Amino acid sequence: MFNRLFSGIKSFVMSSTIKPDVVFVLGAPGAGKGTQCENIVKQFGFVHLSAGDLLREERNKEGSEYGELIEETIRNGRIVPVEITCSLIEMAMKKSGSNKFLIDGFPRNKDNLDGWNRQMASNVNLLFVLFFDCPQEVCVNRCLQRGAGGSGRSDDNPESLKKRFHTYMNDTMPIIRYYEEKNLVKHVDAGGTPDEIFEAVKAIYQNMPPCN
Ligand code: UDP
Ligand code: MG
């Protein structure tokens with residue numbers, strides 16, 4: 001009896017207190033993931049980890065073993081092997097000391113999903129997947145404007161964008177469908193202005209079960 005009670009308490013504590021909360025943020029290139037994540041950070045106190053930013057940071061490190069592989073993969077709009085990305089995410093989570101994370105732009109293919117499920121899934125509490133749904137023309141224009149405005153990103157050009165969208169449709173959409181089947185996807189119409197989109201995001205956060 002006591003043992004059972006104890007193990008019940010232990011599993012409750014493990015599942016609701018120790019495991020960090022995670023929200024995955026997915027959507028096409030240029031759907032506004034990064035912009036809205038900044039808003040969520042300010043208003044709801046999550047730590048924003050962009051998988052793309054973590055990879056670019058690793059690529060820029062002097063002497064990084066993976067720098068060339070990352071750059072070549074990003075320019076070609078393909079996906080970096082999950083062992084690299086997942087380790088960068090895990091390290092950033094530990095370093096932050098937080099227990100509420102927005103993981104932006106990940107998992108974006110089956111390799112990412114399988115690696116995450118192997119390495120991380122059982123150690124976190126996945127709250128939901130925030131999916132920014134935005135027409136492709138709008139997304140392409142936003143990325144091209146970002147490139148022209150000096151984003152410094154080697155993939156904000158028409159040729160890389162075509163490849164990024166190909167990867168998105170073929171590899172990332174099935175991941176969104178996987179989470180849809182688990183009833184975890186919160187859909188946001190992301191074709192409007194940043195303020196309009198954030199109103200929709202806020203409504204989702206305000207209806208969210210309390211974090212730990
Ligand atoms: N990327 C990756 N794995 C990830 C996240 C990003 O390989 O988990 C690479 C991929 O090549 C992608 C690029 O980094 O096209 C830029 O990703 P980011 O999320 O910064 O930009 P987005 O394309 O979503 O605007
Ligand atoms: Mg981004």
Side-chain angles (χ1 to χ4, degrees), residues 20-60 70 73-74 77-82 84-109 111-113 115-117 119-121 124-134 138-139 142-143 146 151-156 160-161 164-165 167-168 171-176 178-180 184-191 194 197-198 200-202 204-205 208 211:
D21 286 325
V22 165
V23 171
F24 286 138
V25 182
L26 292 175
K33 303 182 293 291
T35 306
Q36 296 302 326
C37 281
E38 280 176 33
N39 291 335
I40 298 167
V41 167
K42 281 187 206 136
Q43 187 129 357
F44 300 103
F46 278 65
V47 165
H48 174 210
L49 300 178
S50 154
D53 287 350
L54 290 169
L55 289 165
R56 285 183 284 269
E57 201 182 295
E58 175 64 28
R59 172 198 64 189
N60 293 345
I70 293 172
T73 308
I74 287 182
R78 292 198 305 265
I79 314 287
V80 172
V82 68
I84 300 175
T85 316
C86 210
S87 302
L88 293 172
I89 293 171
E90 189 177 8
M91 281 190 293
M93 286 172 79
K94 289 195 175 132
K95 199 171 143 195
S96 78
S98 174
N99 64 353
K100 286 160 75 177
F101 298 97
L102 289 168
I103 301 186
D104 156 13
F106 179 94
R108 58 210 291 157
N109 67 359
D111 174 60
N112 280 182
L113 179 66
W116 173 268
N117 284 341
Q119 195 174 329
M120 295 295 286
V124 307
N125 178 31
L126 179 61
L127 296 178
F128 54 85
V129 177
L130 199 53
F131 169 41
F132 289 105
D133 196 358
C134 185
V138 176
C139 289
R142 287 179 186 163
C143 290
R146 184 167 71 184
S151 68
R153 280 180 52 162
S154 58
D155 60 351
D156 281 341
S160 294
L161 267 168
R164 287 159 69 191
F165 269 93
T167 301
Y168 171 70
D171 300 341
T172 311
M173 282 309 296
I175 306 305
I176 293 162
Y178 165 89
Y179 285 116
E180 251 160 10
L184 280 168
V185 175
K186 308 278 185 198
H187 196 279
V188 179
D189 179 353
I197 301 169
F198 192 48
V201 170
K202 273 197 285 198
I204 290 169
Y205 267 82
M208 181 174 82
C211 288

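Small disclaimer: the values here were computed from a predicted structure and weren't measured. Values below: every heavy atom of this structure, side chains too, minus hydrogens, waters and symmetry copies. Residues: numbered from 1 along the sequence shown.
- When all heavy atoms are compared, the tightest approach of Met120 to Cys86 is CG-SG, 3.7 Å.
- Formation of a donor-acceptor pair under 3.5 Å by the Asp111 side chain with backbone atoms of Val82 is found in this model.
- Atoms CD and NZ, from Gln43 and Lys202 in turn, are 5.0 Å apart once rounded to the nearest 0.5 Å.
- In summary, Arg164 and Asp156 engage in a salt bridge, as defined by a charged side-chain N under 4.0 Å from a carboxylate O.
- Expressed to the nearest 0.5 Å, how far CG of Leu54 lies from OG1 of Thr85 amounts to 9.0 Å.
- For the pair Leu130 and Ile40, the minimum side-chain heavy-atom distance is below 4.5 Å.
- Here the shortest heavy-atom pairing between Pro29 and Phe165 reads O-CZ, 3.7 Å.
- Considering all non-hydrogen atoms of both residues, Pro107 and Leu113 come closest at CB-N, 3.9 Å.
- Side-chain contact between Phe132 and Cys139 is absent, with no heavy atoms from C-beta onward closer than 4.5 Å.
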Inset, instruction - Could you walk me through whether Val22 and Met93 pass side-chain contact (heavy atoms from CB on, under 4.5 Å), step by step? - result: CA-CA 10 Å; Val22 165; Met93 286 172 79; 4.1 Å; yes
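- Remark: aromatic rings of Phe128 and Tyr205 are close, center separation under 6.0 Å.
- Atom-to-atom distance recorded for Leu102:CG and Leu49:CG is 8.0 Å, nearest 0.5 angstrom.
- Across Val185 and Glu180, no two heavy atoms sit closer than the pair CG2-N, 3.4 Å.
- Screening Tyr178, Trp116, Phe101, Phe131 for a ring pair (Phe, Tyr, Trp, His ring centres under 6.0 Å) with Phe24, the sole residue that qualifies is Trp116.
- To the nearest 0.5 angstrom, Asp104 atom CG is 3.5 Å from His48 atom NE2.
- In this structure a side-chain-to-backbone donor-acceptor pair under 3.5 Å is present from Arg142 to Gly30.
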Inset, instruction - Assess whether side-chain contact (heavy atoms from CB on, under 4.5 Å) is satisfied between Ser87 and Gln119, documenting all intermediate values. - result: CA-CA 9 Å; Ser87 302; Gln119 195 174 329; 4.0 Å; yes
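- Within the 4.5 Å cutoff, no side-chain heavy atoms of Ile175 are placed close to those of Asn112.
- Distance alone, capped at 3.5 Å, places no donor-acceptor pair between the Lys33 side chain and the Gly105 backbone.
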Inset, instruction - For side-chain contact (heavy atoms from CB on, under 4.5 Å), just list the numbers for Leu126 and Tyr179, CA-CA rounded to whole Å, side-chain angles, deciding distance to a tenth of an Å, and then say yes or no. - result: CA-CA 11 Å; Leu126 179 61; Tyr179 285 116; 3.7 Å; yes
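- The minimum heavy-atom distance linking Ala31 with Ala190 is given by the pair O-CB, 3.6 Å.
- Here Thr73 contributes atom OG1 and Arg59 contributes atom CZ; the two are 11.0 Å apart, rounded to the nearest 0.5 Å.
- Without hydrogens or angle criteria, Arg78 side chain to Thr167 main chain gives no donor-acceptor distance under 3.5 Å.
- For the pair Ile197/Val188, a side-chain contact is recorded, criterion being any heavy-atom separation below 4.5 Å from C-beta on.
- One distance of note links CD of Glu38 with OG of Ser50; it measures 10.5 Å at 0.5 Å rounding.
- Donor-acceptor pairing under 3.5 Å is recorded for the side chains of Gln36 and Asn39.
- For the pair Glu57/Ile70, no side-chain contact is recorded, criterion being any heavy-atom separation below 4.5 Å from C-beta on.
- Screening Ser98, Cys37, Pro20 against Val47 for a side-chain contact (heavy atoms from CB on, under 4.5 Å) leaves a single residue, Ser98.
- For the pair Thr35/Phe198, no side-chain contact is recorded, criterion being any heavy-atom separation below 4.5 Å from C-beta on.
- Between Leu127 and Phe46 the shortest side-chain heavy-atom distance falls below 4.5 Å.
- Considering only heavy atoms from C-beta on, Tyr168 comes within 4.5 Å of Ile176 through its side chain.
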